[in-house]
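Throughout, residue positions are numbered sequentially from 1 according to the sequence presented. These numbers come from a predicted model, not from an experiment.
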Amino acid sequence: MPPTRGRPIALKLLALLLVPLLSLAGLWAFAAGLTGGDGLRLLAINDLASKLATPSEQVNLELQNERLVSVRLLVTGTGADTVTEQRGRTDRTVAAYRRLSSTVGDVSPAMSAQLREFNGRLGDLTEIRRELDKGGLTPLETVARYSDIVEASFRMYDAMILVPDRQLYQQARAVTMLGEAKEMLSRERALIIVVLDKGRIGAREREAFTGMAATRRLLFAQALSHLDSDLRGPFAQVAASPAYQEFLRVEDVVKGRAATDSLPPAAATWPTDGQNLWTAVERNQTVAVKAITERVTPAAVAVLVKLGVAGGAGLVVVVASVLISLRFRKRLVRELAGLREAAVELADVRLAELVRRLRKNTEPPTAEEVPPLRVETRTSEIEDIVQAFNEVQSTAVEAAVDQARLRHGVSQVFVNLARRNQSLLHRQLLQLNGMQRATEQPELLSDLFKLDHLTTRMRRHAESLIILSDQTPGRGWRHPVPIHDVIRAAIAEVEEYERVEVLQPPGTALIGSAVTDVVHLLAELVENATLFSPPQTKVDVRSSTTPDGFVIEVEDRGLGLPREELDALNNRLVRTPEFDLAQSDRLGLFVVSRLAARHDIKVLLTLSPYGGVTARVSLPSSLLAEDPVPAVR
């Protein structure tokens, strides 16, 4: 079974180059995707700001106002109309928020979770109002319930401002902290109303107010430390303003007041102090949020510009790498293809043609007959291979010439010995014929006949050596010879001729120039049939005319041959291979093949219906004669 043909080297080189190229392209795509994703996320923040941040900030503002008036209604019993109006404004703001937030596209999982949380808290607003109207909530509980809703919005802002630009994230986070500080201020204002109504600071109110004040101061201080100069300026002015300093004193008084202490006379101005600070902080917060939003687009553009520059350069490198690699592959494949074509030409054309020429002429080839291989290459390894092939060619040519001379010498030896034997055997046959005619003793005639038959076989073997040496035997006929005489002459050259049965052939003749070769060919086939069949069996020889000539069949009843071996023998008979001294056991088939090729005779071995082998010899019509005449040597 022939070995499986491997994949072409062009495909292997392509696979070899694809691995680093795909890795490089993958890394470039990954880096470009990350950078581009950052830019796109920054641009998406503008959409989130307009559809979520701004409307939710308005919701927070209205909730803070509603919380303030609701606490005032609880502790003073006045301002019911104000509460109703404020609730209407809050509902309109919430409706606008819900309408805009419903148009938001895909967001991150963290953002989606916080958005659901905030929307769920907004859904609790109806229940909070119902409990307020029933009187089921205390002022502190009212502050806490509204604060839960606002707190959820800040957690949503935290998820929203997760931007890749570190500086922008820091500023956005600081602005969010200022918003939370503003929320603490709103809660403090609500508690101030409760404290003023009671005329003293209860333990629970003081504890809650203390925590709110501490958280507000911490958030405000941290935010100011992170803001840049542009955003910090307005808030720094607020921190240095009299309104802020006055409110700080209010916080200190509330925190330091005992539960049994009465409020100082200045407590009457606390709501005003809180309102003044609230107005300034709200104004600055609105400006800061707008400024942060306006910074998003330039930051996104900067990221995308970097992506364009770096990604473009990376893409150029990737494309250049691909083109250079493909060009390298193409050049190497072209050089290897040229090497393969040169090697194939050397093996299938040059050396084969030289061997065919050396069979007839043993003169060494000229430089024009075996020029050196030339392959256009700039690869040193391929140049070394070409040089090695040239050396192989020189060695092969020398070996072929030596082999041809050896074969020619052996052939000449065969011909020389065969001619000598042929001459001696011919003289011996003439002497035997004379001795047979000179005696009448039966025993002596029988011995002479056996000796004559043995000499005839020896002559055939001598002629086989001449035929294998591409020479022509000396004996021949000038006139056509009847086919039945040709067949009988062939059988007479076989040792076990008595086992051969010949059916009467049709009346036709063979031209004289082909008689010797056909007799020899048939003798070889008949002898093979007798040698490879049991001694007690017969060998049948049949013949018949065909539209294309004449067919002679030699059939034995031996054990037959395997189909593979039979095909190999038929292939040898058709191709007429050069005689191989290593296959001397098939010497007769070499002779048959040479003789058949000499006269365009077709010889085919097939399986016999009786278990043996049938040799079919097809003689072309060009070898047949119409009117046979007696054989004349």
Side-chain angles (χ1 to χ4, degrees), residues 418 422 425-426 429 433 452-453 455-457 459-468 470-495 497 500-530 539-556 570 573-574 576 588-606 614-633:
Q422 191 179 28
L425 291 171
H426 182 68
L429 284 173
N433 287 334
D452 182 274
H453 181 249
T455 304
T456 302
R457 291 173 56 209
R459 181 183 63 186
R460 176 168 62 86
H461 292 321
E463 289 179 351
S464 294
L465 294 178
I466 297 175
I467 293 169
L468 291 175
D470 287 332
Q471 302 293 327
T472 303
R475 63 191 179 107
W477 280 260
R478 296 190 304 272
H479 300 289
V481 177
I483 283 292
H484 69 273
D485 289 341
V486 173
I487 296 175
R488 290 181 180 278
I491 296 172
E493 295 185 0
V494 177
E495 180 179 4
Y497 61 89
V500 182
E501 293 186 357
V502 181
L503 299 181
Q504 183 63 32
T508 186
L510 191 67
I511 61 175
S513 59
V515 169
T516 300
D517 292 340
V518 173
V519 168
H520 198 132
L521 184 150
L522 291 175
E524 293 290 347
L525 294 176
V526 171
E527 186 168 60
N528 278 346
T530 59
V539 175
D540 297 328
V541 178
R542 301 182 297 272
S543 57
S544 61
T545 57
T546 64
D548 298 325
F550 195 82
V551 173
I552 303 174
E553 293 182 338
V554 180
E555 182 182 64
D556 64 60
N570 282 322
L573 291 172
V574 170
T576 315
L589 290 180
F590 280 106
V591 174
V592 171
S593 177
R594 292 288 179 86
L595 295 175
R598 184 177 296 176
H599 298 285
D600 197 23
I601 299 173
K602 303 294 188 297
V603 180
L604 179 65
L605 303 179
T606 60
T614 300
R616 182 180 292 111
V617 180
S618 300
L619 302 176
S621 58
S622 59
L623 299 182
L624 303 179
E626 294 294 336
D627 298 321
V629 297
V632 179
R633 290 184 184 271

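The distance from atom CG of Leu619 to atom CG of Leu624, rounded to the nearest 0.5 Å, is 6.5 Å. Rounded to the nearest 0.5 Å, atoms OG1 (Thr614) and CG (Asp556) are 7.0 Å apart. Atom CG of Leu525 sits about 13.5 Å away from atom CD of Glu555, to the nearest 0.5 Å. Summarising the geometry, atom CZ belonging to Phe550 is positioned 13.0 Å from atom OG belonging to Ser621; distances are rounded to the nearest 0.5 Å. Here Arg594 contributes atom CZ and Asp517 contributes atom CG; the two are 12.5 Å apart, rounded to the nearest 0.5 Å. Distance check: Glu553 CD to Ser618 OG gives 8.5 Å after rounding to the nearest 0.5 Å.
Annotation: side chain of Ile601 is not in contact with side chain of Leu595 (no heavy-atom distance under 4.5 Å).
Scanning all heavy atoms of the two residues, the minimum distance from Pro506 to Ser544 falls at CG-CA, 4.0 Å. Across Val551 and Arg616, no two heavy atoms sit closer than the pair CG1-CG, 3.6 Å. The minimum heavy-atom distance linking Leu522 with Val617 is given by the pair CD2-CG2, 4.1 Å. Taking both residues in full, the closest heavy atoms of Ser622 and Ile511 are given as O-CD1, 3.9 Å, listed atom of the first, atom of the second, then distance. Of all heavy-atom pairs between Ala596 and Val603, the closest is CB-CG2, 4.0 Å. Residue Pro505 comes nearest to His484 through the heavy atom pair CG-CB, 3.4 Å, listed as atom of the first residue, atom of the second, then distance.
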Given Val502 and Arg488, is the side chain to side chain contact (heavy atoms under 4.5 Å, CB included) satisfied, shown in steps? CA-CA 8 Å; Val502 181; Arg488 290 181 180 278; 5.8 Å; no
Before you tell me yes or no, could you show the steps for Val591 and His520 under side chain to side chain contact (heavy atoms under 4.5 Å, CB included), namely the whole-Å CA-CA distance, both residues' side-chain angles and the distance that decides it to 0.1 Å? CA-CA 9 Å; Val591 174; His520 198 132; 3.8 Å; yes
Check the pair Val554 / Val539 against side chain to side chain contact (heavy atoms under 4.5 Å, CB included), numbers first and verdict last. CA-CA 7 Å; Val554 180; Val539 175; 3.9 Å; yes
Determine, step by step, whether Leu510 and Ile483 satisfy the side chain to side chain contact (heavy atoms under 4.5 Å, CB included) criterion, reporting the C-alpha distance in whole Å, the side-chain angles of both residues, the deciding distance to 0.1 Å, and the verdict. CA-CA 6 Å; Leu510 191 67; Ile483 283 292; 4.2 Å; yes
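The pair Asp600-Lys602 meets the salt-bridge criterion, with a side-chain N (NZ, NE, NH1 or NH2) lying under 4.0 Å from an Asp/Glu carboxylate O.
The neighbour count for Arg542 CZ, taken as heavy atoms of other residues, nucleotides or ligands under 6.0 Å away, is above 12.
Judged by distance alone, the side chain of Asn570 and the main-chain N or O of Leu605 form a donor-acceptor pair under 3.5 Å.
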